[in-house]
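So that the names make sense, note that chain A is the first sequence line, chain B the second, and so on, each numbered from 1.
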Amino acid sequence: MPFRLHDSLTNALLPLPERTPGETSLYVCGPTVYGYIHVGNARPAVVFDVLVRHLERGGRIVRYVRNFTDVDDKIIQVAVENGEEPRAVSERFIAAYRDDTASLGCRPPWAEPRVSEHIPAIVAHVEALIAKGFAYATPDGDVYYDTAKFADYGKLSRRDLRAQDAERGRGKAGDGKRGEFDFALWKSAKPHEPAGARWPSPWGEGRPGWHIECSAMSHALLGDGFDVHGGGPDLKFPHHENEIAQSEPVYGAPMARSWMHNGFIEVDIEKNASFSDEVLALLPALKEADPELRKISKSDGRRLAELRARDASTLTPEDRAVIAVLERKVQFGQWFQLRRLRERVDGEAVRLWILGTHYRAPLSFDLSETADGPVFPALDQAEKRLEYLYDTRVKLAAKIASGGRGPASGKPALVATFEKLVRDFDAALDDDLNTAGALDPFGQVFGAANKLCDTKKPDPRDLDAADAAIDHLTAVLGLAEGDPEAFFARVTARRVKTRNLDAAHIDDLVRQRTAAREGREFLRADELRAELTALGIELRDGASGTAWRAV
RNA sequence: GGUGCGGUAGCCAAGUGGCCAGGCAAUGGUUUGCAAAACCAUGAUACGUGGGUUCAAAUCCCAUCCGCACCUCCA
């Protein structure tokens with residue numbers, strides 16, 4: 001079956017566009033590097049990584065470009081606050097981004113352009129827009145895009161933005177803008193802004209506005225009318241709408257042949273919350289009065305601190321309910337950051353969790369509070385599943401290596417089954433990258449492989465078919481493809497650390513138990529096991545001794 | 001108000017007209033010195049609600065309720 005992909009522009013499932021036969025040109029909007037990324041940023045990173053892997057597995061060459069926006073107001077703000085150069089800020093968070101996405105099992109794109117390296121091209125692009133009458137400079141040295149001039153403005157988000165603009169009154173937009181939706185192509189440098197964030201231009205020193213970099217860089221690396229433009233759902237408007245408006249008048253052709261947006265990650269602060277009945281009763285009215293309470297915002301921490309600073313006796317029940325909600329919001333805000341979340345769950349589990357839902361459907365981020373701190377039910381489940389996948393790979397490799405094979409006579413029972421499951425898997429991915437659907441045959445392959453390992457003398461051809469199928473599946477989804485020992489070492493080390501366990505002490509208890517077992521003192525051995533179980537340690541007695549894991 | 005995505009069993013989540021999703025949790029079993037892991041078996045009148053079309057609806061049509069998000073810089 002040919003690959004079909006949902007196109008956000010037409011809202012239809014279309015065959016994969018192909019500007020050059022056998023090749024796919026893909027541009028995905030990357031992060032603005034002013035801070036650590038959160039789980040919402042993780043989703044497009046993972047989704048597009050799987051898209052690329054699947055297309056490449058199908059024999060295509062994929063030109064995958066994902067930019068770093070390293071010139072931006074927010075970066076300047078962080079730099080000024082910290083008294084460092086903007087460049088230092090962006091470098092630090094580019095490194096952090098790479099580390100975080102690597103933990104998610106994402107491979108680096110084909111190209112990772114940065115705004116700071118494309119300033120001349122951006123200036124030239126702005127000049128072209130002015131020359132064609134789509135942009136205007138103000139006396140202050142700013143340049144704005146004139147949205148009224150672009151007839152298709154709003155086509156991606158399917159909104160009649162120009163009518164809205166007229167309704168709200170052009171000329172009243174302020175900032176020297178002619179229309180409300182006009183946006184900055186070039187921003188003049190302000191006196192307090194650092195030297196590392198200003199570049200010369202025909203309109204004076206300044207920097208590119210947000211949006212223009214993607215038009216310039218996608219063109220520089222992929223040219224006109226490339227195949228797929230992707231990104232997070234919030235970028236649809238205004239970012240991608242503006243990219244279209246900037247690119248199409250200059251190049252006279254659709255910017256991209258298709259648009260791909262993933263769904264949001266939703267945070268429901270009420271779900272699994274341990275709010276008191278009083279709070280629950282007050283909540284609907286409070287949310288009605290203050291919609292800000294619904295969503296996580298940067299001001300939550302400050303607001304919470306203010307309320308806590310007040311004399312407790314002056315707090316109304318409503319105030320106390322707001323405090324409870326704010327506490328929950330702040331907690332979510334912290335753990336939503338991937339770097340923080342990785343203290344509790346493996347990046348690869350985050351990947352499996354993301355791939356368990358179709359990329360366009362909403363995905364909810366769950367957090368439950370326990371006596372031992374926050375737990376993430378869906379992510380913990382994914383991590384357990386990953387342990388199963390890696391365990392299976394270990395078992396299969398051991399079975400193949402140990403020569404525990406039967407005669408290659410008769411007919412192999414499972415070769416065709418494995419081949420069919422792989423076909424089902426590929427077919428699910430071909431259908432608009434249905435990773436959740438693909439996890440069905442994926443799981444069945446692992447189940448069948450496990451079963452095969454439990455049989456006494458499996459047919460070698462079946463074993464090889466299982467091995468080949470697993471290679472294929474894990475490489476495409478980027479799950480359980482690493483070294484199993486490294487995975488278990490990583491996960492156990494993290495758990496030992498979060499629970500303040502002493503690995504040497506555990507090793508010692510395990511040794512004592514082994515000695516007891518060898519002396520057939522099973523009572524003593526079971527006591528030691530119980531002690532370890534209480535610590536959250538699981539023992540696995542095997543042919544090559546006893547291994548332990550934190551669970 | 002506009003735009004978009006959803007509501008499927010205890011939880012998560014595929015599926016767009018007829019055939020089994022799958023995972024987690026649960027229960028019983030095989031195995032094991034005992035466990036763990038693995039495997040086997042078992043579920044449940046599952047499709048927000050009310051109508052309609054059809055031999056047949058989670059799937060199509062109409063109505064309606066609920067949730068989430070975006071609507072100038074958060075992926």
Plane angle bin for A:F487 and A:Y390 - parallel if under 30°, tilted between 30 and 60°, otherwise perpendicular: parallel
Salt bridge (charged side-chain N to carboxylate O under 4.0 Å, His left out) assessment of A:R513 paired with A:D541: CA-CA 11 Å; A:R513 174 174 168 274; A:D541 296 331; 2.8 Å; yes
A:D424 CG to B:C19 C1', straight-line distance once rounded to whole Å: 14 Å
Phosphate OP1/OP2 of B:G4 contacted by A:K236 side-chain N/O (<4.0 Å): no
Interface polar pairs with nucleotides 23-27 of chain B, N/O, under 3.5 angstrom:
unit_1: B:G23; atom_1: O3'; unit_2: A:R385; atom_2: NH1; d: 3.4
unit_1: B:G23; atom_1: N2; unit_2: A:Q381; atom_2: NE2; d: 3.3
unit_1: B:C24; atom_1: O4'; unit_2: A:Q381; atom_2: NE2; d: 3.1
unit_1: B:A25; atom_1: OP1; unit_2: A:K384; atom_2: NZ; d: 2.6

Whole-Å gap separating C1' (B:A14) and CD (A:Q444): 12 Å
Separation between the P atoms of B:G6 and B:A26, rounded to whole Å: 32 Å
Spacing between A:F332 atom CZ and B:C68 atom P, to the nearest angstrom: 13 Å
Residue mapping more 5' on RNA chain B - nearest nucleotide basis, A:N11 or A:D391: A:N11
Flag for A:D73-A:Y34: side-chain donor and acceptor within less than 3.5 Å: no
Touch class at under 4.0 angstrom, heavy-atom based, for A:E538 against every strand present: sugar-phosphate
Rounded distance in Å - CG (A:D440) to P (B:C19): 16 Å
A:E213 side chain to A:H211 backbone, donor-acceptor under 3.5 Å: yes
Whole-Å distance separating the CD1 atom of A:I537 from the C1' atom of B:A36: 13 Å
Phosphate-side-chain proximity, A:R549 and B:A36, N/O vs OP1/OP2 below 4.0 Å: no
B:G10 and B:U45, which share atom name P, separated by this distance in whole Å: 10 Å
Span that lies between the P atom of B:A41 and that of B:C47, in whole angstrom: 26 Å
Base paired to B:U49 (Watson-Crick or G-U; both N/O distances under 3.5 angstrom): B:A63
A:N450 side-chain N/O to B:A37 phosphate OP1/OP2 under 4.0 Å: no
Nucleotide paired to B:A26 in any strand shown, Watson-Crick or G-U, under 3.5 Å: B:U42
Earlier contact from the 5' end, RNA chain B, for A:K451 and A:G437: A:G437
Spacing of A:R4 atom CZ relative to B:U16 atom C1', expressed in whole Å: 11 Å
Nearest-Å distance once atom C1' is located in both B:A13 and B:G52: 30 Å
No-hydrogen, no-angle side-chain donor-acceptor test under 3.5 Å, A:Y64 and A:D49: no
Ring centers of A:F446, A:F442 separated by less than 6.0 Å: yes
B:G1: pairing nucleotide in any strand, Watson-Crick or G-U under 3.5 angstrom: B:C71
Nearest-Å distance once atom P is located in both B:A9 and B:C55: 31 Å
For A:T435 against A:L355, the heavy-atom pair lying closest together: OG1-O, 2.8 Å
Whole-Å gap separating C1' (B:A14) and CG (A:D431): 11 Å
Interatomic distance at C1', B:C40 relative to B:A75, whole Å: 44 Å
Residue pair A:E193 / A:P86, side-chain heavy-atom distance below 4.5 Å: no
Atom pair distance, as rounded to whole Å: CG in A:D366 and C1' in B:G10: 14 Å
Separation between the C1' atoms of B:G15 and B:A35, rounded to whole Å: 39 Å
Atom pair CD1/CG of A:I537 and A:L501 - distance to nearest 0.5 Å: 5.5 Å
Plane angle bin for A:F181 and A:Y153 - parallel if under 30°, tilted between 30 and 60°, otherwise perpendicular: tilted
Check: A:Y144 ring centroid to A:F183 ring centroid under 6.0 Å: no
Complement of B:G18, any strand, by Watson-Crick or G-U distances under 3.5 angstrom: B:C55
Touch class at under 4.0 angstrom, heavy-atom based, for A:N242 against every strand present: nothing
Nearest-angstrom distance, P atom, B:A21 to B:A58: 13 Å
Aromatic ring pairing A:F150/A:Y145, orientation class (parallel under 30°, perpendicular over 60°, tilted between): perpendicular
Is there any protein nitrogen or oxygen under 3.5 Å from a nitrogen or oxygen in nucleotides 31-35 of chain B, and what are the pairs?
unit_1: B:G33; atom_1: O6; unit_2: A:R513; atom_2: NH2; d: 3.3
unit_1: B:G33; atom_1: O6; unit_2: A:R517; atom_2: NE; d: 2.9
unit_1: B:G33; atom_1: N1; unit_2: A:D526; atom_2: OD1; d: 3.0
unit_1: B:G33; atom_1: N2; unit_2: A:D526; atom_2: OD1; d: 3.1
unit_1: B:G33; atom_1: N2; unit_2: A:D526; atom_2: OD2; d: 2.4
unit_1: B:C34; atom_1: O2; unit_2: A:D526; atom_2: OD1; d: 3.2
unit_1: B:C34; atom_1: O2; unit_2: A:R529; atom_2: NE; d: 3.3
unit_1: B:C34; atom_1: N3; unit_2: A:R529; atom_2: NH2; d: 2.9
unit_1: B:C34; atom_1: N4; unit_2: A:D541; atom_2: OD2; d: 2.9
unit_1: B:A35; atom_1: N1; unit_2: A:D541; atom_2: N; d: 3.2
unit_1: B:A35; atom_1: N3; unit_2: A:R529; atom_2: NH1; d: 3.0
unit_1: B:A35; atom_1: N3; unit_2: A:R529; atom_2: NH2; d: 2.8

Under 3.5 Å, which protein N or O atoms sit close to an N or O of nucleotides 73-75 of chain B? Give each pair with its distance.
unit_1: B:C74; atom_1: OP2; unit_2: A:K74; atom_2: NZ; d: 2.1
unit_1: B:C74; atom_1: O2'; unit_2: A:H38; atom_2: NE2; d: 3.1
unit_1: B:A75; atom_1: OP1; unit_2: A:N41; atom_2: OD1; d: 3.4
unit_1: B:A75; atom_1: O4'; unit_2: A:N41; atom_2: OD1; d: 3.0
unit_1: B:A75; atom_1: O2'; unit_2: A:G232; atom_2: N; d: 2.4
unit_1: B:A75; atom_1: N1; unit_2: A:I265; atom_2: N; d: 3.3
unit_1: B:A75; atom_1: N3; unit_2: A:G40; atom_2: O; d: 2.9

Minimum side-chain heavy-atom gap A:L396-A:D467 below 4.5 Å: yes
A:L439 side chain reached by A:L477 side chain, heavy atoms, under 4.5 Å: yes
